[in-house]
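Structure record follows, encoded as structure tokens.
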Amino acid sequence: MKKNLRWYDKDKYLSAFMTLLQQLPEDVQSQVAVDILLYIPKVIEKDFAKFIKIVADHNPKQYQRWYDHNPNLHTAVEAIRELSFEEREKLLGSISDIMIKHTNQNPFEFGK
């Protein structure tokens, strides 16, 4: 079995989401990212101002990952990474809805 090095590969749903997201055109990636960022306050259980500061402190120019080249996408992915397990679980259904809205594809279908 392949050793998963990326944080999102530890969750089959997040891994599927990121795989689909990577294949989308940059404008669609941005739309998905903005929608996710708009939804995160509905699931967050910690101080939101602190959360925004944590995400804002990340400088995508320091990284070489595929999602770092799009500021909206970088911020959304880092925001998801900073969520607790419970918060991520709450967000997954919305991520599915957001992806269906923008792509007509559910990244989590294989997991059922």
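The structure presented is a predicted model; accordingly, all values stated were derived computationally and were not measured.
- Under 4.0 Å is where a charged nitrogen must lie from a carboxylate oxygen, and between Arg88 and Asp11 no such pair does.
- Across all their heavy atoms, Pro107 and Ala16 have their closest contact at O-CB, 3.1 Å.
- Closest approach of Thr19 and Gln23 over heavy atoms only: O-CG, 3.4 Å.
- Residues Val43 and Leu38 are members of separate hydrophobic clusters, defined by side-chain heavy-atom contacts under 4.5 angstrom among Ile, Leu, Val, Met, Phe, Trp and Tyr.
- Atom CD1 in Ile98 sits 11.5 Å away from atom CD in Gln31 (nearest 0.5 Å).
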Passes side-chain contact (heavy atoms from CB on, under 4.5 Å), Asn70 versus Ser30? Steps please. CA-CA 7 Å; Asn70 178 328; Ser30 287; 2.9 Å; yes
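- One finds the CD atom of Glu26 at 9.5 Å from the NE2 atom of His69 (value rounded to the nearest 0.5 Å).
- His102 and Asp35 get closest at one heavy-atom pair: NE2-OD2, 2.7 Å.
- A salt bridge links Arg65 with Glu78: the closest approach of a Lys/Arg side-chain nitrogen to an acidic carboxylate oxygen falls below 4.0 angstrom.
- Under the 4.5 Å side-chain heavy-atom criterion for grouping Ile, Leu, Val, Met, Phe, Trp and Tyr, Ile100 is not connected to Val28 through any hydrophobic cluster.
- Summarising the geometry, atom CG belonging to Leu92 is positioned 11.0 Å from atom CG belonging to Asp97; distances are rounded to the nearest 0.5 Å.
- The two residues Gln29 and Leu24 have their closest heavy-atom pair at NE2-O, 3.4 Å.
- For Asn72 against Val34, the heavy-atom pair with the smallest separation is ND2-CG2, 3.9 Å.
- Smallest separation of non-hydrogen atoms from Tyr8 and Leu14: O-CB, 3.6 Å.
- Between Phe17 and Ile36, some side-chain heavy-atom pair lies under the 4.5 Å cut-off.
- Inter-residue side-chain proximity for Thr75 and Tyr67 is flagged as unmet; no heavy-atom pair is nearer than 4.5 Å.
- How far CD of Glu82 is from CH2 of Trp7: 9.0 Å, rounded to the nearest 0.5 Å.
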Report the C-alpha separation of Tyr39 and Ser94 in whole Å, then their side-chain angles, then the decisive distance to 0.1 Å, and conclude whether the side chain to side chain donor-acceptor pair (under 3.5 Å) test is met. CA-CA 8 Å; Tyr39 193 80; Ser94 298; 3.2 Å; yes
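- The shortest side-chain heavy-atom distance between Ile80 and Ile95 falls under the 4.5 Å cut-off.
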Can Asp9 and Met18 be said to form a side-chain contact (heavy atoms from CB on, under 4.5 Å), step by step? CA-CA 9 Å; Asp9 284 332; Met18 293 295 285; over 6 Å; no
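- Annotation: side chain of Leu21 is in contact with side chain of Trp66 (closest heavy-atom distance under 4.5 Å).
- Considering only heavy atoms from C-beta on, Asn106 stays 4.5 Å or farther from Leu20 through its side chain.
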